[in-house]
Amino acid sequence: MSVDREHLAGVAAGLDRWRDTPDDVLADAVMRDGRCVWVFTEGDAPAPSGDGDADRELAQRLCAGCPVAGPCLELELRTAGERTAGVWGGLAEDDRRALLPLWVARRSAVGGEESDL
């Protein structure tokens with residue numbers, strides 16, 4: 001399955017609400033409320049396979065219903081950028097790498113909404 005750029009443009013637009021939220025606030029929310037945190041601290045975390053479709057399925061499964069998927073994705077884009085790895089914010093690596101230039105372009109635009117955190 002190929003990357004859906006139209007979907008990713010919508011994802012990038014949705015991340016605008018966390019544009020002005022400090023990294024530490026995002027990180028605290030993710031660590032406190034992230035559904036996947038227990039997998040990585042208490043369980044046996046599944047590893048991404050490097051296969052785009054399989055990793056998309058893993059990302060969707062791990063992040064389904066997570067209340068902080070948006071802040072998680074925002075934080076990963078800010079801190080890892082092109083070096084992004086693993087599953088963050090419901091997206092696999094390939095999808096986040098395709099999202100990054102769309103996200104960067106939006107950040108260079110003026111405006112944005114206030115944080116939900």
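In what follows, every heavy atom counts, from backbone to side chain, and hydrogens, waters and symmetry copies are set aside.
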S.K.: Rounded at 0.5 Å granularity, tell me how far CG in L102 sits from CG in L77.
M.R.: 10.5 Å
S.K.: Could you check whether any side-chain heavy atom of L26 comes within less than 4.5 Å of a side-chain heavy atom of R78, counting everything from C-beta outward?
M.R.: yes
S.K.: How close do G89 and C72 get, heavy atom to heavy atom, and via which atoms?
M.R.: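 Shortest heavy-atom separation between G89 and C72 comes out as N-SG, 3.3 Å.
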S.K.: Mark yes or no for whether R17, through its side chain, and A13, through its backbone, hold a donor-acceptor pair below 3.5 Å.
M.R.: no
S.K.: Any idea which heavy atoms bring G90 and C63 closest together, and the distance?
M.R.: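 Result for this residue pair: N-SG, 3.2 Å.
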S.K.: Quick one: does R96's side chain get under 4.5 Å of L73's, heavy atoms only?
M.R.: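 Counting from C-beta outward, R96 and L73 do come under 4.5 Å.
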S.K.: Would you compute the distance between atom CG of D95 and atom CG of L100 and round it to the nearest 0.5 angstrom?
M.R.: 12.5 Å
S.K.: Below 4.5 Å, heavy atoms only, C-beta onward: do Q60 and L91 meet side chain to side chain?
M.R.: no
S.K.: Answer whether the closest heavy-atom distance between the side chains of D4 and L8 falls below 4.5 Å.
M.R.: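 D4 does not reach L8 side chain to side chain.
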S.K.: For a quick check under 3.5 Å, do T84 and E93 share a side-chain donor-acceptor pair by atom type?
M.R.: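 The criterion, which ignores hydrogens and geometry beyond distance, is not satisfied for E93 and T84.
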S.K.: Run R97 and E82 through side chain to side chain contact (heavy atoms under 4.5 Å, CB included) and show every step you take.
M.R.: CA-CA 6 Å; R97 288 191 179 112; E82 292 177 354; 5.6 Å; no
S.K.: Working to the nearest 0.5 angstrom, can you tell me the gap between W103 CH2 and D16 CG?
M.R.: 10.5 Å
S.K.: When rounded to the nearest 0.5 angstrom, what distance separates CE in M31 from CG in D24?
M.R.: 14.0 Å
S.K.: I need the minimum non-hydrogen distance between P67 and D33, along with the two atoms involved.
M.R.: CG-O, 3.7 Å
S.K.: Can you hop from W18 to L99 via hydrophobic side chains spaced under 4.5 Å?
M.R.: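 Yes; L99 is reachable from W18 via cluster members.
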